[in-house]
Amino acid sequence: MTPTLNTAPGTSDPDDLYSLLIEAHQGLSHEESAMLNAKLVLLLANHIDDLGVLRQAVRAANEE
């Protein structure tokens, strides 16, 4: 059975998460920012390590 993508808020401090992501992009060009996003997606996908959940995430991201 493939786990289901959890879309419920999962952080106790969403403002800190947002700040972390914004700060990571400060001073980067558009291309560098896109590369950071790509690397982050690949690192997190590797961490999740479940193709079924990743497929659900891609579908959900495309719907929004």
Side-chain angles (χ1 to χ4, degrees):
M1 181 170 115
T2 299
T4 302
L5 177 66
N6 179 4
T7 58
T11 180
S12 61
D13 198 338
D15 291 335
D16 276 351
L17 174 59
Y18 181 78
S19 293
L20 173 69
L21 294 172
I22 294 302
E23 289 171 12
H25 288 268
Q26 285 184 335
L28 300 181
S29 68
H30 178 74
E31 291 80 16
E32 291 168 331
S33 182
M35 182 61 74
L36 174 63
N37 282 338
K39 289 177 180 180
L40 184 57
V41 166
L42 291 173
L43 285 166
L44 293 173
N46 184 66
H47 179 74
I48 293 168
D49 192 30
D50 186 312
L51 192 55
V53 170
L54 293 169
R55 282 188 177 115
Q56 292 172 44
V58 168
R59 278 194 299 268
N62 277 322
E63 291 173 0
E64 294 182 17

**Request:** Of all the heavy-atom pairs spanning L5 and A60, show the shortest one and how long it is.
**Result:**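 In this case the closest contact between L5 and A60 is CD2-CB, 4.1 Å.
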
**Prompt:** How far apart are the closest heavy atoms of G27 and E32, and which atoms are they?
**Reply:**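 Closest pair (atom of G27, atom of E32, distance): O-OE1, 4.2 Å.
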
Is it the case that one hydrophobic cluster holds both [X] and [Y], taking links as side-chain heavy atoms less than 4.5 Å apart, direct or via other members?
X	Y	result
V58	L40	no
L44	L21	yes
V41	M35	no

**Item:** Separation of I48 CD1 from L43 CG (nearest 0.5 Å)
**Value:**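 These two atoms lie 11.0 Å from each other.
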
**Message:** Can you tell me how far apart CG (L42) and NE2 (H47) are? Round to the nearest 0.5 Å.
**Reply:**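 The NE2 atom of H47 is 14.5 Å from CG of L42, to the nearest 0.5 Å.
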
**Asked** Taking Q56 as the fixed residue, which of N6, D50, T4 is the one that meets the side chain to side chain contact (heavy atoms under 4.5 Å, CB included) rule?
**Response**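 Among N6, D50, T4, the one meeting side chain to side chain contact (heavy atoms under 4.5 Å, CB included) with Q56 is T4.
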
**Request:** Applying side chain to side chain contact (heavy atoms under 4.5 Å, CB included), name anything that partners D13, two or more places apart in sequence or on another chain.
**Result:**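 In terms of side chain to side chain contact (heavy atoms under 4.5 Å, CB included), with neighbours along the sequence ignored, D13 is linked to D15, D16.
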
